[in-house]
Amino acid sequence: MAEGSRSPLRSFVEVAPGSHFPIQNLPFGVFRRRGSPEPEPPRPAVAIGDFALDLAAVSDAGLFHGPLLSASPCFRQETLNMFLGMGRPAWKEARATLQKILSADEPVLRDNEALKKKCLVPMSDTEMLLPITVGDYTDFFCSVHHARNCGFIFRGPQTPVNPNWFQLPIGYHGRASSVIVSGTDIIRPKGQGHPTGDSRPYFGPSKKLDFELEMAAIVGPGNELGKPIDINDAEEHIFGLMIMNDWSARDIQAWETIPLGPFLGKSFSTSVSPWIVTMDALKPFTCEAPKQEPEPLPYLAEKNHVNYDIPLEVWIKPKEQSEPSMVAKSNFKHLYWTLTQQLAHHTVNGCNLRPGDMFATGTLSGPETESLGCLLELTWNGQKEISVGNSIRKFLEDGDEVILTACCKGEGYNVGFGTCTGKVLPALP
């Protein structure tokens with residue numbers, strides 16, 4: 001049954017009503033089975049309910065028989081990079097095949113117990129891995145609310161947002177080697193901070209460790225060096241989105257960014273959720289993007305100026321508490337510069353992108369107090385405190401676990417991202 005038909009698409013796999021992973025979603029990831037006698041190589045999968053559908057097993061069973069995937073080894077790789085590079089025709093073929101074989105009225109997998117057992121792995125038996133080899137990582141700064149708040153905090157009310165911010169998506173080159181999968185612990189970084197009075201700069205563990213609520217776009221087919229991607233073709237180069245926590249040491253960052261950009265204050269860890277939700281799954285949640293004033297230059301003026309209605313939440317679980325507490329609620333739709341504008345701007349100088357490259361939105365803050373996407377904004381750089389359950393916080397403390405989550409609400413189903421988590425460990429001696 002095709003997507004968009006009147007009867008809702010339903011899987012033979014039982015999916016709880018609140019699940020992030022119904023058949024309408026099918027996000028891609030890479031896993032390894034837990035507890036195997038011999039260490040198994042990582043395997044690509046899609047999530048369906050509480051199971052990971054092993055795409056290598058599906059491929060071995062000959063269930064991909066479309067022209068692009070039938071003879072392709074892309075699902076026998078240890079990452080998704082080969083599949084990403086094949087582009088939207090292959091992505092659509094995979095999605096159509098997977099929705100067909102998982103649907104309630106298709107017997108090929110449903111009625112074959114041996115094959116079903118081989119292909120469907122309970123999530124509890126999996127170890128989720130970073131699903132891509134990240135060649136390069138770029139971090140943008142594309143929420144006007146975040147930009148305005150940061151400007152107020154650091155420069156005052158005269159010019160909170162620099163004029164160039166409204167002319168181009170501001171970004172910097174991040175550190176790909178420290179992109180890590182959700183669940184990996186975060187060791188508190190050390191570095192220099194602002195001197196006090198006539199003293200030398202502070203050196204030691206960061207005193208202002210922060211989370212940043214972001215989303216990361218994953219590049220599919222890239223472009224040749226010297227050949228920009230046209231704004232109206234940019235969508236064809238974006239495979240999907242992940243939740244991202246771009247951890248920040250605000251004290252290190254504030255001292256080192258005079259006059260260049262972020263360095264040690266950001267490069268120590270960037271956490272991403274294990275599942276990549278495809279742009280095809282997100283299509284029903286498109287919404288109008290904010291009106292841009294002034295009008296962007298022609299290379300950034302797009303025919304289809306859209307965002308996505310993706311509700312986002314941040315929770316913190318202090319080590320002394322058994323349950324996490326929500327500290328922020330925002331939405332992807334507040335993004336000022338769209339994903340396609342970010343990608344077109346990234347390549348307009350001829351910079352070449354490659355499959356598996358990642359570019360992030362920057363902190364996704366909204367206009368309301370509860371929609372601020374980092375502690376820098378929530379506590380106004382530590383000038384006030386926020387409640388976290390029975391505790392109070394200005395910045396993150398050792399033992400705090402930060403949990404980011406995102407989930408689109410459809411008619412009778414969700415398209416969710418799962419969670420992106422990380423626990424803060426003390427700095428090394």
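By convention here, the first residue in the shown sequence is residue 1.
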**Q** Would you say the side chain of Thr379 lies within less than 4.5 Å of the side chain of Arg393, judging by non-hydrogen atoms?
**A** no
**Q** Excluding sequence neighbours, so at least two apart, what forms salt bridge (Lys or Arg N to Asp or Glu O under 4.0 Å) with Lys116?
**A** Glu113
**Q** Considering residues at least two apart in sequence or located in another chain, which fulfil the ring pair (Phe, Tyr, Trp, His ring centres under 6.0 Å) criterion with Phe239?
**A** Phe28, Phe83, Trp91
**Q** Does a side-chain heavy-atom distance below 4.5 Å link Ser177 with Val179?
**A** no
**Q** Return the set of residues passing ring pair (Phe, Tyr, Trp, His ring centres under 6.0 Å) with Tyr172 (not counting sequence neighbours), or none when no residue passes.
**A** none
**Q** With sequence neighbours left out, what residues match Glu288 under side-chain hydrogen bond (donor to acceptor under 3.5 Å, both in side chains)?
**A** none
**Q** Which residue in the set Ile132, Thr79, Asp357 passes side chain to side chain contact (heavy atoms under 4.5 Å, CB included) when paired with Leu84?
**A** Ile132
**Q** Can we say Glu106 and Lys100 salt-bridge, meaning some charged N sits less than 4.0 Å from an Asp/Glu carboxylate O?
**A** yes
**Q** Can you name the nearest heavy-atom pair linking Lys423 to Gly399, along with the distance?
**A** CG-O, 3.8 Å
**Q** Check the pair Ser371, His334 against side chain to side chain donor-acceptor pair (under 3.5 Å), reporting the backbone distance first and the verdict last.
**A** CA-CA 10 Å; Ser371 64; His334 299 309; 5.3 Å; no
**Q** Sequence neighbours left out, what passes ring pair (Phe, Tyr, Trp, His ring centres under 6.0 Å) with His305? Give chain and number order.
**A** none
**Q** In sequence, state the C-alpha distance, the side-chain angles, and the governing distance for Lys92 and Asp280, and then conclude on salt bridge (Lys or Arg N to Asp or Glu O under 4.0 Å).
**A** CA-CA 8 Å; Lys92 282 190 170 295; Asp280 286 328; 3.4 Å; yes
**Q** Would you mind listing every ring-ring contact (aromatic ring centres under 6.0 Å, His included) that reaches into residues 389-429, with sequence neighbours excluded?
**A** none
**Q** How about Val219 and Met358: do any of their side-chain heavy atoms sit closer than 4.5 Å?
**A** no
**Q** Apply ring pair (Phe, Tyr, Trp, His ring centres under 6.0 Å) to His194 and list each qualifying residue two or more places apart in sequence or on a separate chain.
**A** Trp255
**Q** Check this for me, if you would: do Asp54 and Arg43 make a salt bridge, where the nitrogen-to-carboxylate-oxygen distance has to be below 4.0 angstrom?
**A** yes
**Q** Looking only at non-hydrogen atoms, find the nearest pair between Gly362 and Glu214 and report the distance.
**A** N-OE1, 3.0 Å
**Q** State whether Lys319 and Asp400 are salt-bridged, where the test is any N-O pair (Lys NZ or Arg NE/NH1/NH2 against Asp/Glu carboxylate O) under 4.0 Å.
**A** no
**Q** Can you name the nearest heavy-atom pair linking Met244 to Ala360, along with the distance?
**A** SD-CB, 3.5 Å
**Q** Yes or no on side chain to side chain donor-acceptor pair (under 3.5 Å) for Asp309 and Asn331, after CA distance, side-chain angles and deciding distance?
**A** CA-CA 7 Å; Asp309 182 3; Asn331 196 302; 2.8 Å; yes
**Q** Can you give me the closest heavy-atom contact between Phe21 and Ala47, atom names plus distance?
**A** CG-CB, 3.7 Å
**Q** Is there a side-chain contact between Phe332 and Thr361, using heavy atoms and a 4.5 Å cut-off?
**A** yes
**Q** Using a strict 4.0 Å threshold on nitrogen-to-oxygen distance, state whether Glu370 and Lys329 make a salt bridge.
**A** no
**Q** If only side-chain N and O atoms count, and only distance matters, is there a donor-acceptor pair under 3.5 Å linking Arg76 with Ser59?
**A** yes
**Q** Quick one: are Val13 and Asp50 in side-chain contact, heavy atoms under 4.5 Å?
**A** no
**Q** State whether a side-chain donor-acceptor pair under 3.5 Å links Glu302 with Thr340.
**A** yes
**Q** Quick check on the 6.0 Å ring-centre criterion: do Trp165 and Tyr336 meet it?
**A** yes
**Q** Applying side-chain hydrogen bond (donor to acceptor under 3.5 Å, both in side chains) as the test, list every pair that has at least one member in residues 202-212; sequence neighbours left out.
**A** Ser206-Asp251, Lys208-Asn381, Asp210-Arg250, Glu212-Ser248, Glu212-Arg250, Glu212-Lys266, Glu212-Thr363
**Q** Between Glu127 and Arg32, is there a side-chain N and carboxylate O pair less than 4.0 Å apart?
**A** yes
**Q** Does the side chain of Arg10 come within less than 4.5 Å of Ser103's, by heavy atoms?
**A** no
**Q** For residues 147-164, which residue pairs qualify under side-chain hydrogen bond (donor to acceptor under 3.5 Å, both in side chains), counting only residues two or more places apart or in two chains?
**A** Asn149-Glu377
**Q** Taking salt bridge (charged side-chain N to carboxylate O under 4.0 Å, His left out) as the cut-off, I'd like each qualifying pair that reaches into residues 183-196, sequence neighbours left out, listed once.
**A** Arg188-Asp398
**Q** Taking all non-hydrogen atoms of both residues into account, name the closest pair between Ser143 and Leu335 and its distance.
**A** N-CD1, 4.5 Å
**Q** Between Pro169 and Leu300, is any pair of side-chain heavy atoms under 4.5 Å apart?
**A** yes
**Q** Return all side-chain donor-acceptor pairs below 3.5 angstrom for residues 268-277, not counting sequence neighbours, or 'none' if the list is empty.
**A**
from	atom 1	to	atom 2	distance (Å)
Thr270	OG1	Asp246	OD1	2.8
Ser271	OG	Trp247	NE1	2.8
Ser273	OG	Ile243	N	2.9

**Q** Hey, can you tell me if Trp380 and Phe152 have their rings parallel, tilted or perpendicular (30° and 60° cut-offs)?
**A** tilted
**Q** State plainly whether the residues Lys283 and Glu235 are in salt-bridge range, i.e. N to O under 4.0 Å.
**A** yes
**Q** Report yes if some heavy atom in the side chain of Val327 is under 4.5 Å from a heavy atom in the side chain of Phe211; otherwise report no.
**A** yes
**Q** What residues form a salt bridge (Lys or Arg N to Asp or Glu O under 4.0 Å) with Lys291, not counting sequence neighbours?
**A** Glu293
